[in-house]
Amino acid sequence: ILMPYILTILFTLLSAYYDAEELKAGRYFKDHTPRALFRVLVLFIISVLFNTHILILLSVFYLIFDTSLNLMRGLPWNYIGTVAFSDKLFSNIKYGWVIQYSIKILLTITTIIYL
């Protein structure tokens, strides 16, 4: 029962590590779409293999990814970037990170409870 979550967390950490290394090397992302689609595909495969709802796994990924990426880049854990749509949305709001993390936590809890 825990295996899909363990795999999702490992995949999230590996994804964050990959992105952190790319960003540290100066290879910035203008478009998140290819990596996002690949990540959704991997999570979909995990969800099918372990009969777990894809939205739960996506919410776990969403909850963990940004914080992991920030820490791996040596940035504050609650740093908000400037490229991703959600980052643009919350970066212009005072304490936007509080709202962003609250949404992530509520989304994850909601999907686990109701799905």
Side-chain angles (χ1 to χ4, degrees):
I1 190 166
L2 292 177
M3 189 55 71
Y5 301 105
I6 292 169
L7 290 174
T8 297
I9 291 168
L10 287 173
F11 177 66
T12 304
L13 294 174
L14 288 171
S15 295
Y17 177 78
Y18 173 80
D19 282 10
E21 291 301 309
E22 290 291 300
L23 292 168
K24 286 180 196 176
R27 293 185 289 271
Y28 295 95
F29 310 113
K30 292 181 181 176
D31 183 5
H32 289 279
T33 306
R35 288 182 338 285
L37 290 174
F38 171 73
R39 291 167 180 168
V40 169
L41 175 63
V42 170
L43 294 175
F44 176 75
I45 291 168
I46 294 170
S47 74
V48 169
L49 289 174
F50 294 96
N51 196 29
T52 305
H53 203 294
I54 180 70
L55 292 179
I56 296 173
L57 302 183
L58 286 169
S59 67
V60 170
F61 184 97
Y62 183 58
L63 176 66
I64 298 170
F65 179 79
D66 288 334
T67 303
S68 302
L69 177 62
N70 290 340
L71 294 173
M72 289 177 191
R73 292 178 64 199
L75 297 170
W77 66 271
N78 60 347
Y79 171 79
I80 298 178
T82 58
V83 177
F85 172 77
S86 62
D87 290 344
K88 289 178 185 176
L89 184 67
F90 293 108
S91 65
N92 294 324
I93 301 171
K94 186 174 182 174
Y95 300 111
W97 68 269
V98 174
I99 298 167
Q100 188 179 46
Y101 277 91
S102 298
I103 290 169
K104 290 177 181 187
I105 291 166
L106 287 172
L107 179 66
T108 303
I109 291 170
T110 302
T111 56
I112 290 171
I113 290 173
Y114 292 105
L115 298 175

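The first residue of the sequence shown is numbered 1, and numbering continues consecutively from there.
T33 meets the side chain to side chain donor-acceptor pair (under 3.5 Å) test with D31; sequence neighbours excluded. Residues passing the side chain to side chain donor-acceptor pair (under 3.5 Å) test with R35, sequence neighbours excluded: D19, H32. Remark: Y101 engages T67 in a side chain to side chain donor-acceptor pair (under 3.5 Å) (not counting sequence neighbours). For L58, the side-chain contact (heavy atoms from CB on, under 4.5 Å) partners two or more places apart in sequence, or in a different chain, are V40, L43, I54, L55.
Note on L107 and I109: separate hydrophobic clusters, where clusters join Ile, Leu, Val, Met, Phe, Trp and Tyr whose side-chain heavy atoms are under 4.5 Å apart, directly or indirectly. Both L115 and V48 are assigned to one and the same hydrophobic cluster, defined by single-linkage of ILVMFWY side chains at heavy-atom distances under 4.5 Å. Hydrophobic clustering keeps L37 apart from L41 (ILVMFWY residues linked when any side-chain heavy atoms are closer than 4.5 Å, directly or through intermediates). Hydrophobic clustering (side-chain heavy atoms under 4.5 Å, transitive across Ile, Leu, Val, Met, Phe, Trp, Tyr) groups I45 together with Y5. A continuous path of Ile, Leu, Val, Met, Phe, Trp and Tyr side chains, each step under 4.5 Å between heavy atoms, connects F38 with Y28, placing both in one hydrophobic cluster.
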Report task. Kindly determine whether L57 and F11 satisfy side-chain contact (heavy atoms from CB on, under 4.5 Å), including the steps that lead there. Result -> CA-CA 11 Å; L57 302 183; F11 177 66; over 6 Å; no

Query - Derivation and outcome, side-chain contact (heavy atoms from CB on, under 4.5 Å), residues Y62 and T108 - result: CA-CA 8 Å; Y62 183 58; T108 303; over 6 Å; no

Please list every donor-acceptor pair under 3.5 Å in which a side-chain atom of residues 71-88 meets a protein atom from a residue at least two apart or in another chain.
none

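Side-chain contact check for L13 versus F65: every heavy-atom pair is 4.5 Å or farther apart. Counting heavy atoms from C-beta on, the side chains of F50 and L7 come closer than 4.5 Å.
We find the CD-CG distance between Q100 and D66 to be 5.5 Å, quoted to the nearest 0.5 Å. Taking CG from L69 and CD1 from I64, the interatomic distance works out to 13.5 Å, rounded to the nearest 0.5 Å. Taking OH from Y17 and NZ from K24, the interatomic distance works out to 7.0 Å, rounded to the nearest 0.5 Å. With values rounded to the nearest 0.5 angstrom, S68 atom OG is found 9.0 Å from L63 atom CG.
Listed by first and then second residue, the side chain to side chain donor-acceptor pair (under 3.5 Å) pairs that reach into residues 51-60 are S59-T111, sequence neighbours excluded.
Within 6.0 Å of the CZ atom in F44, the count of heavy atoms belonging to other residues, nucleotides or ligands does not exceed 12.
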